[in-house]
Amino acid sequence: MSFRDGLLDRIAREGPMPLARAMALANAHYYATREPFGATGDFVTAPEVSQMFGELLGAWAADLWLRAARPQAAFVELGPGRGTLAADLLRVAARAGWEPQVHFVERSPRLRVPQKAAVPQAVFHDAPDTLPQDRPLLLVANEFLDALPLTQFVRTGIGWALRTLAAPGGRLAFEAVEPVRLALIPDSLRHAPEGAILERGFAAGALVAAIGRRIARQGGAALFIDYGYEGPALGETLQALKGGEPAPVLEALGEGDLSAHVDFAAMREAAVRAGVRVFGPVPQGAFLVALGLAHRSARLKAGKPGEVRARIAAEAARLAGAGAMGGLFRVLALTAPGWPEPAGFSRIGG
């Protein structure tokens, strides 16, 4: 039975399913059954664009570790992709003397294979709950929050309702008939026009808060990088990529990547409540430039043929350009009380 048929059967038996639950099931199936990253996959993440991305994050982490007096900190990555970011980061960190325990949070057995090949010493976890509790954590999550289950609310003629998946006539369809408490809707948006959609990343906020509490207790820092905005705001950002192309969400369930823009204002609030110091969000482009992207790019281009220099310049522009990843993505950092301020924020107003 296909994933789609199984979902239809489940909805027929149990009734309409909240979008967040359907998204969790669909993405779990998708990541367990294919390798979606890189030129042959459905999307390309920043570490696959250029080694400069992981290298600059390695310099960021090593600098923080050095200024924190070289603690016995572990490195953690949530959703490590193909292991490219971690391999580049750890290579730079080792030059500074930091050779930490490495922990990957990755549930997909299929994705663990290339991750283990890239970083053989990595210890795998199904969830952050089992990460070490006896040492500080330096954690990176790049394009992780966007794929977590999303809740949507729709303004109907009788008020706000939860968006669910139903199966009328044996086909998948969205519906919004279950009223919700107004406490779930920000005050400024409660009187939105009929048909308006509000997205709330409750799962992402809960994860950021949980990581924040761990860091506040154990020491360390976390860096969250994703495409997003600063809400609250109306509008639908839920999207699907299938075969490397945009696809209708209901047609791509389980067979394509589902993601949504992250509300970084909500993530910041969740982190503050967890008791950590919070920096950002700031645009990815400004963050990478503050870390020395131009200098690293120049070093890589030195002495290379013209075509190589052009490629490196194009990669840097894609990572940092206002019309590319540099403007679309945001960066948020958390640090434990008493830890140094992380690089990349103070000079750009974070």
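Each residue takes its place number in the sequence, starting with 1.
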Q. Does some side-chain heavy atom of Pro100 sit less than 4.5 Å from a side-chain heavy atom of Leu90?
A. yes
Q | Glu315/Arg311 salt bridge by N-O under 4.0 Å criterion | A | yes
Q.
Keeping Asp88 on the side-chain end and Glu55 on the backbone end, is there a donor-acceptor pair under 3.5 Å?
A. no
Q. How many angstroms lie between atom NE2 of His295 and atom CG of Leu56, to the nearest 0.5 angstrom?
A. 10.0 Å
Q) Do any N or O atoms from the side chain of Arg155 and from the backbone of Ala192 form a donor-acceptor pair under 3.5 angstrom? A) yes
Q.
So Leu165 and Leu250, do their side chains get closer than 4.5 Å, heavy atoms only?
A. yes
Q: Begin with the C-alpha distance, continue with both residues' side-chain angles, and end with the deciding distance and a verdict on side chain to side chain contact (heavy atoms under 4.5 Å, CB included) for Asn142 and Phe53.
A: CA-CA 11 Å; Asn142 180 61; Phe53 185 78; 3.6 Å; yes
Q | Any residue meeting ring pair (Phe, Tyr, Trp, His ring centres under 6.0 Å) with Phe174, in chain and number order, not counting sequence neighbours | A | none
(Q) Tell me if a side-chain donor or acceptor on Trp65 pairs with a main-chain N or O of Pro71 at a distance below 3.5 Å. (A) yes
Q: Kindly assign one of parallel, tilted or perpendicular to the pair His125 and His103, based on the angle between their ring planes and the thresholds 30° and 60°.
A: tilted
Q.
Does either side chain, that of Ser259 or that of Tyr227, offer a donor lying less than 3.5 Å from an acceptor on the other one?
A. yes
Q) Do any N or O atoms from the side chain of Arg67 and from the backbone of Trp339 form a donor-acceptor pair under 3.5 angstrom? A) no
Q | Beyond-backbone contact of Met17 with Leu7, side-chain heavy atoms, under 4.5 angstrom | A | yes
(Q) How long is the straight-line distance from OG1 of Thr335 back to CG of Leu138, given to the nearest 0.5 Å? (A) 10.5 Å
**Q.** Non-neighbouring partners of Asp129 that pass salt bridge (Lys or Arg N to Asp or Glu O under 4.0 Å), sequence neighbours left out
**A.** none
Q: Hey, could you give me the CZ/CD distance between Arg163 and Gln152, rounded to the nearest 0.5 Å?
A: 5.0 Å
**Q.** Centroid separation Phe287 to Phe345 less than 6.0 Å
**A.** yes
Q.
Tell me whether Glu236 contacts the main-chain N or O of Ile197 through its side chain, where contact means a donor paired with an acceptor under 3.5 Å.
A. no
Q) Between Arg135 and Ala74, what is the shortest heavy-atom contact and its length? A) CD-CB, 3.8 Å
Q. Other hydrophobic cluster members with Met1, side-chain heavy atoms of Ile/Leu/Val/Met/Phe/Trp/Tyr under 4.5 Å, chained?
A. none
Q. CZ of Arg217: more than 12 outside heavy atoms within 6.0 angstrom?
A. yes
Q: Find out whether Leu293 and Met52 are in side-chain contact, i.e. whether some heavy atom of one side chain is under 4.5 Å from a heavy atom of the other.
A: yes
Q) Can you tell me if CD on Glu14 sees more than 12 non-hydrogen neighbours from other groups inside 6.0 Å? A) yes
(Q) Assess the residue pair Glu143 and Thr45 against the criterion (side-chain hydrogen bond (donor to acceptor under 3.5 Å, both in side chains)); give the C-alpha distance rounded to whole Å, side-chain angles, the decisive distance to 0.1 Å, and a yes or no. (A) CA-CA 8 Å; Glu143 291 200 54; Thr45 59; 5.1 Å; no
Q) Hey, any chance Leu89 and Leu319 share a hydrophobic cluster, counting ILVMFWY side chains that come within less than 4.5 Å of each other, even indirectly? A) yes
Q | Beyond-backbone contact of Phe75 with Trp98, side-chain heavy atoms, under 4.5 angstrom | A | yes
Q) In the hydrophobic cluster built from side-chain contacts under 4.5 Å, what are the other members alongside Leu184? A) Phe153, Trp160, Leu162, Val180, Leu182, Ile185, Leu189, Leu198, Phe202, Leu234
(Q) Let me confirm one number: the NE2-CG distance from His261 to Asp146, rounded to the nearest 0.5 Å. (A) 8.5 Å
Q.
Any side-chain to backbone donor/acceptor pair from Glu199 onto Leu238? Under 3.5 Å, distance only.
A. yes
Q. Looking only at atom types and distance, does a side-chain atom of Thr151 sit under 3.5 Å from a main-chain N or O of Ala20, one as donor and one as acceptor?
A. no
Q | Tyr229 with Leu328, same ILVMFWY side-chain cluster at under 4.5 Å | A | no
Q: Begin from the C-alpha positions of Arg34 and Glu255 and carry the test salt bridge (Lys or Arg N to Asp or Glu O under 4.0 Å) through to its verdict.
A: CA-CA 9 Å; Arg34 68 207 72 213; Glu255 303 301 324; 3.3 Å; yes
Q) Are any of the side-chain heavy atoms of Val44 and Arg318 separated by less than 4.5 Å? A) yes
Q) Ion pair present between Glu251 and Arg4, side-chain N to carboxylate O less than 4.0 angstrom? A) no
Q. When Ile, Leu, Val, Met, Phe, Trp and Tyr are grouped by side-chain heavy atoms lying under 4.5 Å apart, directly or through other members, which residues fall in the same group as Leu334?
A. Val76, Leu78, Val105, Leu131, Leu137, Leu139, Phe144, Leu145, Leu148, Leu207, Val208, Ile211, Ile215, Phe224, Val262, Phe264, Met267, Val272, Val276, Val278, Leu332
Q) Going only through I, L, V, M, F, W and Y residues with side-chain contacts under 4.5 Å, is there a path from Val249 to Leu241? A) no
Q) Cluster question for you: counting only ILVMFWY and a side-chain heavy-atom cut-off of under 4.5 Å, with indirect links fine, are Leu253 and Tyr31 together? A) no
Q: Examine distances only and state if a side-chain atom of Thr156 and a backbone atom of Gly159 form a donor-acceptor pair shorter than 3.5 Å.
A: yes
Q. Between Ala333 and Leu223, which heavy-atom pair has the shortest distance, and what is it?
A. CB-CD1, 3.9 Å
**Q.** Contact summary for Ala32 and Ser108, nearest pair of heavy atoms
**A.** CA-OG, 3.6 Å
(Q) Side chains of Leu300 and Gln51, heavy atoms from C-beta outward: is any pair under 4.5 Å? (A) yes
Q) Closest approach of Ala59 and Val92, non-hydrogen atoms and distance? A) N-CG1, 3.6 Å
(Q) Salt bridge or not between Arg110 and Glu35? Use side-chain N to carboxylate O under 4.0 Å. (A) no
Q: Sequence neighbours left out, what passes side-chain contact (heavy atoms from CB on, under 4.5 Å) with Arg112? Give chain and number order.
A: Glu106, Gln115, Phe124, Asp126
Q | Arg299 atom CZ: more than 12 heavy-atom contacts under 6.0 Å | A | no
Q | Short side-chain to backbone donor-acceptor contact, Thr164 and Pro18, under 3.5 Å | A | no
Q. Distance-only, no hydrogens or angles: does the Lys116 side chain make a donor-acceptor pair with backbone N or O of Ala122 under 3.5 Å?
A. yes
Q: Check step by step if side chain to side chain contact (heavy atoms under 4.5 Å, CB included) holds for Arg330 and Val282.
A: CA-CA 5 Å; Arg330 299 287 182 271; Val282 297; over 6 Å; no
Q) Taking all atoms of both residues into account, what is the closest heavy-atom pair of Ala216 and Gly275, and its distance? A) CB-O, 3.9 Å
Q.
Can you confirm whether Gln121 is buried at CD, in the sense that more than 12 heavy atoms of other residues, nucleotides or ligands lie under 6.0 Å from that atom?
A. yes
**Q.** Val331 side chain reached by Pro283 side chain, heavy atoms, under 4.5 Å
**A.** no
Q: Establish whether Leu288 and Ile312 are linked, either directly or via other cluster members, by ILVMFWY side-chain heavy-atom contacts under 4.5 Å.
A: yes
Q. Of the non-hydrogen atoms in Ala247 and Ala252, which two are nearest, and what is the gap between them?
A. CB-CB, 4.2 Å
